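I have placed the structure first, in the form of structure tokens, so that the comments after it can refer back to it.
Counting convention: from 1, in listed order, for ligands and their atoms alike. Bear in mind that the values here come from a model prediction, so they are computed numbers and not experimental data. Start at 1 with the first residue, then count along the sequence. Both backbone and side-chain heavy atoms feed into the values below; hydrogens, waters and symmetry mates do not.
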Amino acid sequence: MSRIQIPRGTQDILPGTVEMWHHVEEQIREICRRYNYQEIRTPIFEHTELFQRGVGETTDVVEKEMYSVESRGEDALTLRPEGTAGVVRAYVEKKLYGAPTQPVKLYYLGPMFRHERPQAGRLRQFTQFGVEAIGSHDPAMDAEVIAVAYRFYEQLGLRGLTVELNSVGTLEDRARHRVELLEYLSARRSQLCPDCQSRIDRNPLRVLDCKVQKDQELTKDAPSILDYLSEESAAHFEAVKQYLDSLGISYRINPRLVRGLDYYTLTAFEIKMQDIGAVETLCGGGRYNGLVAELGGEDVPGIGFALSIERLLLALEKTGITLPVPEGIDCYLVTQTPQAKGVTVRLLDQLRQAGIAAEMDYLDRKMKGQLKAADRLKARYTIIIGEAELERGTAVLKSMDSGDQEEVAQDQLVDALLGKLGDK
Ligand code: HAM
């Protein structure tokens with residue numbers, strides 16, 4: 001029979017690697033505890049309309065990358081390509097605007113799905129950690145959200161990160177900018193790449209984000225959104241910069257930074273790392289002051305970011321950072337005679353109930369084979385029960401580190417081992 005392979009752009013995370021994920025997940029929960037973000041879990045699929053309305057009809061994500069299914073006569077459903085739309089839907093639907101503590105600060109961690117061309121750091125199923133702070137206009141909130149991502153990376157040991165910062169203005173700011181931008185782009189239309197030619201009509205701002213070198217040169221002197229910000233928008237941007245300064249987080253203003261999703265207003269940012277391959281953006285986010293209303297709620301502002309664990313691990317790997325992951329088990333029970341098996345099974349259960357990570361042989365290995373297995377599992381202790389010990393109701397407790405061993409009564413074994421493990 002032919003083998004069935006894993007779908008393109010997905011990953012199996014095997015033992016040996018999954019421990020790194022656990023470590024990262026712990027760091028996420030820890031940083032969110034400190035910054036006071038609470039976890040929210042929303043469905044992995046939502047009504048397709050949520051993303052069409054929330055993320056935007058003309059975005060690549062909605063136009064080309066969604067995994068959607070007709071759902072047995074019901075509305076079409078889509079595997080979530082990102083987390084913000086679902087969180088805002090839940091915020092409106094579950095009336096979180098009425099929650100006693102405001103602003104509502106949430107985080108999420110889970111799989112997202114985009115039908116993209118797979119490469120290192122770009123998958124079809126990837127895992128986002130994201131935060132959303134909903135209900136505050138305060139530019140200090142923007143700085144905090146950027147700080148959560150930045151400090152998170154720092155905590156894991158990443159250095160050499162660049163925060164790129166822009167303001168994409170309000171809808172009104174953008175409308176004024178758009179007039180001039182359209183004029184500028186239309187004059188160069190025929191020289192732009194085919195994608196950009198159609199972007200001009202649908203979403204001209206996105207042309208500035210084109211990765212094609214020639215297009216970048218052609219649009220070098222395009223009108224900058226930053227010159228079209230209202231006084232209020234400009235003041236917000238200034239304040240965000242000042243807060244970042246006082247946090248000691250350096251940033252680079254990039255007036256061409258346009259995010260790939262339509263809901264952004266005012267602050268937009270990305271965190272990048274050079275030299276990690278084709279995909280250098282580790283994290284992206286920004287303000288979305290119109291999204292709650294767009295999804296049927298009141299006019300409530302929000303800001304957030306998302307980053308993928310896959311890109312984070314890639315960045316760590318490229319930088320040569322290894323995460324501290326726990327290795328090995330506490331204890332391996334070696335059975336020397338078949339008669340001792342019943343006792344071994346019982347002792348093993350007692351050890352495990354006491355919180356000790358313990359294992360025994362299930363492959364009828366000889367003593368030597370069992371000791372080898374203990375070694376491979378990096379067991380810190382072995383417990384050996386031979387005929388003599390069985391008769392005496394004892395076991396030999398041996399440290400694999402020092403080789404020291406002692407005979408212990410079986411009913412004292414848990415306490416003895418707990419004592420030794422605790423000493424470490
Ligand atoms: P995004 O820029 O589309 O924004 O994605 C955010 C991050 O998700 C990226 O910077 C990258 O780390 C990761 N990512 C995206 N696509 C892939 C992929 N195919 N493979 C691996 N990683 C990927 C959002 O999703 C917004 N919801 C962020 C946000 C939250 N804005 C406000 N709140």
Side-chain angles (χ1 to χ4, degrees), residues 7-11 24 28 37 40 42 46 50-51 54-56 59-62 64-67 79-91 103-134 141-142 144-146 148-150 152-153 158 161-164 166 168 206 209 257-273 276-292 294-295 301-316:
R8 278 189 76 203
T10 65
Q11 282 184 320
V24 169
I28 288 171
Y37 287 75
I40 181 167
T42 62
E46 297 268 3
L50 175 71
F51 303 113
V55 172
T59 58
D60 280 358
V61 168
V62 169
K64 305 183 197 156
E65 296 172 359
M66 294 208 299
Y67 286 96
L79 290 178
R80 60 183 188 190
E82 60 101 53
T84 311
V87 169
V88 171
R89 179 208 41 76
Y91 173 90
V104 172
K105 292 169 59 178
L106 303 165
Y107 80 92
Y108 50 91
L109 173 62
M112 308 289 160
F113 305 84
R114 295 184 194 176
H115 192 272
E116 299 197 80
R117 189 132 35 92
Q119 53 175 294
R122 177 163 292 135
L123 290 121
R124 291 183 171 173
Q125 176 176 334
F126 55 98
T127 313
Q128 275 188 347
F129 157 44
V131 312
E132 312 293 349
I134 310 177
M141 190 83 255
D142 305 37
E144 176 184 285
V145 163
I146 295 170
V148 174
Y150 194 83
F152 169 67
Y153 286 130
L158 278 186
L161 302 172
T162 313
V163 177
E164 292 204 348
N166 192 17
V168 294
R206 193 81 36 73
D209 193 35
L257 178 80
V258 183
R259 306 268 304 122
L261 315 167
D262 271 355
Y263 45 63
Y264 292 107
T265 56
L266 300 173
T267 312
F269 70 95
E270 288 185 348
I271 302 182
K272 298 192 174 176
M273 207 180 124
I276 61 159
V279 184
E280 57 183 28
T281 303
L282 294 184
C283 168
R287 244 185 203 282
Y288 45 83
N289 287 354
L291 183 59
V292 177
E294 178 65 40
L295 296 179
I303 175 160
F305 74 75
L307 61 87
S308 72
I309 314 300
E310 289 82 358
R311 279 191 200 173
L312 163 67
L313 293 177
L314 199 65
L316 289 170

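The side chain to side chain donor-acceptor pair (under 3.5 Å) search around R206 returns D262, not counting sequence neighbours.
Residues V292 and V88 are in side-chain contact: their nearest non-hydrogen atoms beyond the backbone lie under 4.5 Å apart.
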* Hey, mind stepping through R114 and E82 against salt bridge (Lys or Arg N to Asp or Glu O under 4.0 Å) and telling me if it holds? -> CA-CA 9 Å; R114 295 184 194 176; E82 60 101 53; 5.7 Å; no
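Side-chain N or O atoms of N289 include none that pairs as donor or acceptor with a backbone N or O of T265 at under 3.5 Å.
Side-chain contact annotation: Y67 with Q125, donor-acceptor N/O pair under 3.5 Å absent. Of the N and O atoms on the side chains of E294 and Y288, not one donor lies less than 3.5 Å from an acceptor on the other residue.
Among protein residues, E82, T84, Y108, R114, E116, G121, R122, L123, F126, Q128, E132, R259, L261, Y263, Y264, T281, L282, C283, G284, G285, G286, Y288, G304, F305, A306, L307, S308, R311 come within 4.0 Å of ligand 1, judged on heavy atoms.
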